[in-house]
Amino acid sequence: MKVRDELSVGRVYKDSIPSQNMDDALHFQTSATSPLLSSPTMTADSITPSYVLRYFDLIGLAETSRMLLTAAKVEWTEEHPEWPQEKPNQPFGHLPVLVEKSGAEDGSDFILSESGSIERYLARTFKFVPTDLKEIARQEQLRDQQLDIILAFFIQLRMVDEAKKERRGEFDVMLDKIAEIHTMILRNNGDCGHLFGKELSYADMSAYAFYKLFVIYAVEFDADIRSLVKDKVTPQILNLIRTVESDPLLEEHVAKKGSFVAHILPE
């Protein structure tokens, strides 16, 4: 059974990410008594917006959004809300949250929650996905599969004994599958370092952030995960990581966050 099938309505995994407390890692939201989201319509002559990304100071589920904002060359800042003090002030009580500041006289901003929704909005806004709906869907399905694997990893950490062993086995199978699919798509695209087309895309950045999360961040919870994931990284996937990291649009991001390539290379 898929991870999402098991997380029933009303107990859906929300985008708070593990910090020091595993209860914060897998936060199951049962209600949403939080501020309403505003969504003003932007007109052709509106002031160019700036952005604020609210998240914890870690890789987590905001890395792709950081990369999209940086690659778009727009004005943006990142806020790290005091947690859990600022929890009630977020639209659904969790992070990440994107604030698009319109500069309108009435002070209205567009506020968006959920990591996937934020990424899709930014990818479409700044044209890191094609215009064809089927081609967009091909990129987004990869991101959704990657999120399933992230969820499976953190859920199995909470298990014990045979249940943990079973869930870890399911996670391993999912990880094998996504690495196989990434490799196949990269080969079919001419081994150019991009999953689709010949330029930096949403899918490229999402895949880069996916492997980075496990190799650099998840080791705080499982010391063996780094070597496990590195063993799945094929030459094609490594080329993707190198290509994304060397893209001029992400030069600022790499300079600030550091190179991931050194962490993924075989020892």
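Throughout, residue positions are numbered sequentially from 1 according to the sequence presented.
When all heavy atoms of K73 and P248 are compared, the pair lying nearest together is NZ-O, 3.9 Å. Closest heavy-atom contact between L69 and L98: CD1-CD1, 4.3 Å. Nearest heavy atom pair, residue V229 against residue V215, reads CG1-CG2, 3.9 Å. Nearest approach of A203 to Q139, heavy atoms of both residues: N-OE1, 3.0 Å. Contact between Q156 and R167 at its shortest, heavy atoms only, is CB-CB, 3.6 Å. For the residue pair T64 and A209, the shortest heavy atom distance occurs at OG1-CB, 3.3 Å.
Using a 4.5 Å cut-off on side-chain heavy atoms (C-beta onward), Q141 and R143 make no contact. Counting heavy atoms from C-beta on, the side chains of F128 and S201 never come closer than 4.5 Å. A 4.5 Å side-chain heavy-atom check between I118 and L122 finds at least one atom pair inside the cut-off. Two residues are said to be in side-chain contact when any heavy atoms from C-beta on lie closer than 4.5 Å; I185 and L142 meet this criterion. With contacts defined as side-chain heavy-atom distances shorter than 4.5 Å, the pair K198/N189 qualifies. Looking at heavy atoms from C-beta onward, W76 lies out of side-chain contact with V52 at the 4.5 angstrom threshold. Side chains of S115 and S65 form no contact here, defined as non-hydrogen atoms less than 4.5 Å apart. Under the 4.5 Å side-chain criterion, counting only non-hydrogen atoms from C-beta, L61 is in contact with L147.
There is a side-chain donor-acceptor pair under 3.5 Å between S206 and Q146. Looking at N239 and Q236, their side chains never bring a donor and an acceptor atom within 3.5 Å of each other.
Listed by chain and number, the residues in a ring-ring contact (aromatic ring centres under 6.0 Å, His included) with F153 are F171, F214 (sequence neighbours excluded). By the side-chain contact (heavy atoms from CB on, under 4.5 Å) test, D132 is found to be paired with K134, E135, residues two or more places apart in sequence or in another chain being considered. Residues that satisfy the salt bridge (Lys or Arg N to Asp or Glu O under 4.0 Å) test with E140, not counting sequence neighbours, are R120, R124. The salt bridge (Lys or Arg N to Asp or Glu O under 4.0 Å) test applied to R54 returns E79, not counting sequence neighbours.
Shown here is K164, whose NZ atom has more than 12 heavy atoms of other residues, nucleotides or ligands within 6.0 Å. The environment of Q85 atom CD is dense: over 12 non-hydrogen atoms of other residues, nucleotides or ligands sit within 6.0 angstrom.
Linking ILVMFWY residues whenever their side-chain heavy atoms come closer than 4.5 Å, directly or via other members, places I181 and V233 in the same cluster. Note: the hydrophobic cluster containing V160 does not contain L157 (ILVMFWY, side chain heavy atoms under 4.5 Å, direct or indirect links). In this structure, V219 is a member of the same hydrophobic cluster as F221, with clusters built from ILVMFWY side-chain heavy atoms closer than 4.5 Å.
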Practice prompt. Step by step, work out the side chain to side chain contact (heavy atoms under 4.5 Å, CB included) result for L112 and V97.
Written response: CA-CA 6 Å; L112 188 62; V97 168; over 6 Å; no

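Taken from CG in D144 to CG in D148, the straight-line distance is 7.0 Å, to the nearest 0.5 Å. Atom CG of L213 is separated from atom CD1 of I149 by 11.5 Å, given to the nearest 0.5 angstrom. With rounding to the nearest 0.5 angstrom, the CZ atom of F210 is 10.5 Å from the CD1 atom of I241. With rounding to the nearest 0.5 angstrom, the CD atom of E100 is 13.0 Å from the CG atom of L53. In this structure, L195 CG and L240 CG are separated by 5.0 Å, a value rounded to the nearest 0.5 Å. How far NE2 of H94 is from OG of S113: 4.0 Å, rounded to the nearest 0.5 Å.
In this structure, R168 pairs ionically with D222, as a charged nitrogen and a carboxylate oxygen lie closer than 4.0 Å.
D247 places a side-chain N or O within donor-acceptor distance of the main-chain N or O of L249, the cut-off being under 3.5 Å. Checked by atom type and distance alone, the side chain of K101 never pairs as donor or acceptor with a backbone atom of Y51 at under 3.5 Å.
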Expected list for residues 250-266: side-chain donor-acceptor pairs under 3.5 angstrom, two or more places apart:
from, atom 1, to, atom 2, distance (Å)
H253, NE2, E63, OE2, 3.0
S259, OG, E245, OE2, 2.4
S259, OG, V261, N, 3.3

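Listed by first and then second residue, the ring-ring contact (aromatic ring centres under 6.0 Å, His included) pairs involving residues 179-207 are H182-Y211 (not counting sequence neighbours).
When each of T183, I237, I178, D176 is tested with K232 by the rule side chain to side chain contact (heavy atoms under 4.5 Å, CB included), just one qualifies, namely D176.
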